[in-house]
Amino acid sequence: MEDKEERIETSLVAIVIDATPAKKFASQPLDGSSMMNRIFDSLIAFGNAHLMQASHNKLAIIACNSKSTKFLYPSMDGNSRSYQNRPGQYDMFAKVDSDVRHGLGELILNDLTDNDSTKSDSLLGGAMARALCYIHRVQRELSLSHQLKPRVLVVSGSCDSALQYMTFMNVFFTAQKENVVIDCCMMDTDSGLLQQGCDITGGQYLHIPSVAGLLEYLLWVFLPSPSCRSKIVLPPPTKVDYRAACFCHHKLVDIGWVCSVCLSIFCKFSIMCTTCNTEFKLNRPAIVPAKSKKRARIE
């Protein structure tokens with residue numbers, strides 16, 4: 001009997017960092033340093049801990065704000081940034097540290113110096129879509145002897161954006177189809193849409209009570225692979241709010257009207273769908289015309 005070749009499991013974690021609330025976190029001190037520095041240190045330590053678990057593990061870090069999305073690690077522009085590692089520090093860990101700090105610093109600095117007063121929502125849906133594209137690319141480049149175990153970790157502190165409801169739903173169902181687990185670690189606020197995404201893909205959703213313990217929560221809840229989470233004690237799951245956002249006012253509704261053509265949701269009835277311009281026919285009872293009375297003929 002020929003021995004079957006064992007496939008090497010490669011775990012890929014794509015961390016999506018929402019840098020939109022950076023202005024709020026940067027102004028809050030925490031133990032002599034800013035809260036943003038604590039968040040930077042926690043995310044870098046978590047990424048290095050994942051790489052340290054196995055030599056075949058892979059890491060990707062993507063950041064986004066209200067203006068753009070950016071790959072922090074690995075660099076997509078092909079330019080290798082110079083870095084200086086500390087004595088005894090692994091070269092890959094030093095590269096992750098340098099790339100993440102430099103890329104996040106540029107993204108946040110551009111956002112802080114932007115004089116545009118108009119407020120826009122975070123491009124978190126687009127960043128998650130780029131993470132799925134990168135996972136698909138790595139999966140195609142791996143040899144047949146490797147089995148990829150991908151997942152996406154979203155670290156955010158922004159509120160829900162009803163304008164991006166369809167973008168979020170497309171990302172969630174695409175990840176479910178591609179067997180990509182989506183985890184979410186929320187700071188300062190909750191997100192009903194990300195709760196739905198974690199529940200749809202079988203991931204873990206967690207709203208941490210304090211940023212000071214961010215690293216502890218990341219290592220406890222999100223560092224173990226999804227296959228090992230059933231063997232450890234995790235926080236109890238939260239109740240998922242599956243309400244949808246209407247396309248007319250972008251508000252969550254319990255009961256609404258759904259277009260039979262494009263499945264758009266509306267909170268009020270309209271004779272025409274504003275998304276696909278379909279005109280609806282009302283099933284009204286037929287109006288029977290009254291019979292005309294025949295005049296009697298006078299003979």
Side-chain angles (χ1 to χ4, degrees), residues 14-30 33-44 46-47 60-73 76 99-134 152-172 175 182-198 203 205-212 214-215 217-218 222 241 245 250-252:
I15 305 176
V16 178
I17 305 172
D18 182 12
T20 306
K23 296 180 180 179
K24 176 175 59 178
F25 289 147
S27 60
Q28 297 180 6
L30 183 67
S33 61
S34 66
M35 191 176 293
M36 285 304 303
N37 290 333
R38 178 65 64 89
I39 296 174
F40 285 6
D41 296 339
S42 301
L43 293 174
I44 293 172
F46 172 80
I61 302 178
I62 307 170
C64 68
N65 55 11
S66 59
K67 303 295 182 182
S68 62
T69 62
K70 183 178 182 179
F71 254 93
L72 304 182
Y73 180 86
M76 293 288 104
D99 290 350
V100 172
R101 291 185 185 277
H102 185 271
L104 269 177
E106 285 186 346
L107 197 68
I108 294 175
L109 184 61
N110 293 336
D111 195 13
L112 292 176
T113 56
D114 191 2
N115 296 325
D116 190 4
S117 59
T118 58
K119 294 183 179 180
S120 55
D121 298 322
S122 172
L123 299 179
L124 188 58
M128 289 190 292
R130 291 191 68 180
L132 292 180
C133 293
Y134 179 77
V152 177
L153 173 60
V154 180
V155 181
S156 175
S158 301
C159 300
D160 281 334
S161 172
L163 293 173
Q164 299 189 37
Y165 175 78
M166 289 303 299
T167 305
F168 274 80
M169 290 297 111
N170 290 333
V171 168
F172 297 154
I182 295 180
D183 298 323
C184 181
C185 180
M186 292 297 298
M187 301 175 292
D188 190 62
T189 184
D190 266 316
S191 173
L193 291 178
L194 290 175
Q195 286 181 9
Q196 297 180 26
C198 295
Y205 177 89
L206 179 65
H207 177 210
I208 61 174
S210 175
V211 180
L214 176 61
L215 179 58
Y217 285 108
L218 291 176
F222 301 108
D241 186 5
H250 306 290
K251 296 180 180 180
L252 297 179

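Only a predicted model underlies this, so the values are computations on that prediction, with no experimental measurement involved.
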Separation of [Y] [atom2] from [X] [atom1] (nearest 0.5 Å):
{"X": "I17", "Y": "K70", "atom1": "CD1", "atom2": "NZ", "value": "12.0 Å"}
{"X": "I62", "Y": "Y134", "atom1": "CD1", "atom2": "OH", "value": "9.0 Å"}
{"X": "L214", "Y": "L43", "atom1": "CG", "atom2": "CG", "value": "6.0 Å"}
{"X": "S66", "Y": "L123", "atom1": "OG", "atom2": "CG", "value": "7.0 Å"}
{"X": "M128", "Y": "D18", "atom1": "CE", "atom2": "CG", "value": "9.5 Å"}
{"X": "Y217", "Y": "S42", "atom1": "OH", "atom2": "OG", "value": "12.5 Å"}

Are [X] and [Y] close enough that some pair of their side-chain heavy atoms sits under 4.5 Å apart?
{"X": "L124", "Y": "S156", "answer": "yes"}
{"X": "S158", "Y": "T189", "answer": "no"}
{"X": "D41", "Y": "R101", "answer": "yes"}
{"X": "L218", "Y": "L153", "answer": "yes"}

List the atom of [X], the atom of [Y], and the distance in Å for their closest heavy-atom pair.
{"X": "G125", "Y": "Q164", "result": "N-OE1, 3.5 Å"}
{"X": "A63", "Y": "L107", "result": "CB-CD2, 3.6 Å"}
{"X": "A19", "Y": "I108", "result": "CB-CG1, 4.3 Å"}
{"X": "V211", "Y": "I208", "result": "CA-CD1, 4.2 Å"}
{"X": "Y205", "Y": "S191", "result": "OH-N, 3.0 Å"}
{"X": "L193", "Y": "F172", "result": "O-CE1, 3.1 Å"}

Short side-chain to backbone donor-acceptor contact, D99 and H102, under 3.5 Å: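 No; zero donor-acceptor contacts below 3.5 Å.
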
Quick one: does Y73's side chain have a donor or acceptor within less than 3.5 Å of a partner on G103's backbone? no

Would D190 and Q195 count as a side chain to side chain contact (heavy atoms under 4.5 Å, CB included) if you check the C-alpha gap in whole Å, the side-chain angles of each, and the deciding distance to 0.1 Å? CA-CA 9 Å; D190 266 316; Q195 286 181 9; 4.1 Å; yes

